[in-house]
Amino acid sequence: MDDTKLIRMANQIATNLAAKGEAVAVAETAEHIGKFWDPRMKAAIFADDLTRLTPIARAAIEKLKAQVSAA
């Protein structure tokens, strides 16, 4: 999958959850990506330039990345 599309998808998820407040949006964005994205998609976004992500999406990816690294 194209990295640009993954960035757009992560940003859309984060934007849709932003009204819940930053902490909840970060947690729920990370949870959604963790549950519904396949391992190739997650690996691709982990390796991508995270500066193209919104702050909520970036925090969610960093949180998810840390969880995967710890496992």
Side-chain angles (χ1 to χ4, degrees):
M1 181 170 281
D2 178 14
D3 291 349
T4 301
K5 186 171 183 179
L6 293 176
I7 295 292
R8 186 176 70 242
M9 289 169 57
N11 284 336
Q12 286 175 330
I13 295 164
T15 298
N16 287 332
L17 296 169
K20 294 184 175 191
E22 185 174 348
V24 173
V26 168
E28 290 188 11
T29 300
E31 180 180 0
H32 178 90
I33 291 170
K35 282 184 179 179
F36 299 110
W37 286 24
D38 75 41
R40 294 168 297 176
M41 294 167 71
K42 289 183 265 193
I45 202 160
F46 291 165
D48 202 357
D49 177 12
L50 301 184
T51 61
R52 297 187 298 158
L53 293 168
T54 64
I56 291 172
R58 184 178 317 118
I61 294 301
E62 289 170 350
K63 176 180 180 154
L64 189 57
K65 193 181 207 181
Q67 290 172 352
V68 170
S69 296

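Not measured: the values here are computed from a predicted model. Residues take their numbers from the sequence shown, with the count starting at 1.
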Show every donor-acceptor pair shorter than 3.5 Å between a side-chain atom in residues 15-25 and any protein atom, with sequence neighbours excluded, or say none if there are none.
from	atom 1	to	atom 2	distance (Å)
Thr15	OG1	Asn11	O	2.8
Asn16	ND2	Gln12	O	3.2
Lys20	NZ	Glu28	OE1	2.8

Donor-acceptor pairs under 3.5 Å, side chain of residues 33-40 to any protein atom, not counting sequence neighbours: which ones?
from	atom 1	to	atom 2	distance (Å)
Lys35	NZ	Glu31	OE2	3.1
Asp38	OD1	Arg40	N	2.8
Asp38	OD1	Met41	N	2.9
Asp38	OD2	Arg40	NH2	3.0

### Task
Taking side-chain contact (heavy atoms from CB on, under 4.5 Å) as the test, write out the residues that go with Ala60, two or more places apart.
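With sequence neighbours excluded, Ala60 shows a side-chain contact (heavy atoms from CB on, under 4.5 Å) to Val26, Thr29, Ala30, given in chain and number order.
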### Message
Please enumerate all residues that pass side-chain contact (heavy atoms from CB on, under 4.5 Å) together with Ala44, with sequence neighbours excluded.
### Response
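Listed in chain order: Asp3, Leu6.
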#### Entry: Worked check of side-chain contact (heavy atoms from CB on, under 4.5 Å) between Thr4 and Arg52
CA-CA 9 Å; Thr4 301; Arg52 297 187 298 158; 3.6 Å; yes
### Message
Minimum heavy-atom separation for Ala10 and Ala57, please, with both atom names.
### Response
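Taking every non-hydrogen atom into account, O-CB, 3.8 Å.
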### Non-hydrogen atoms of Ile13 and His32 that approach each other most closely
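Smallest heavy-atom distance, with atoms named: CD1-CD2, 3.2 Å.
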Residues 64-71 side chain polar contacts: donor-acceptor under 3.5 Å, at least two apart:
from	atom 1	to	atom 2	distance (Å)
Lys65	NZ	Phe46	O	3.0
Ser69	OG	Lys65	O	3.0

### Query
salt bridge (charged side-chain N to carboxylate O under 4.0 Å, His left out): which pairs involve residues 7-16, sequence neighbours left out?
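For residues 7-16: none.
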### Query
Distance from Ile45 atom CD1 to Arg58 atom CZ, nearest 0.5 Å?
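CZ of Arg58 is found 11.0 Å from CD1 of Ile45.
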### Task
Starting at CD1 of Ile61, measure out to CG of Asp48 and round the result to the nearest 0.5 Å.
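Those atoms lie 10.0 Å apart.
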#### Entry: salt bridge (Lys or Arg N to Asp or Glu O under 4.0 Å) partners of Asp49, counting only residues at least two apart
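So Asp49 forms no salt bridge (Lys or Arg N to Asp or Glu O under 4.0 Å) with any residue.
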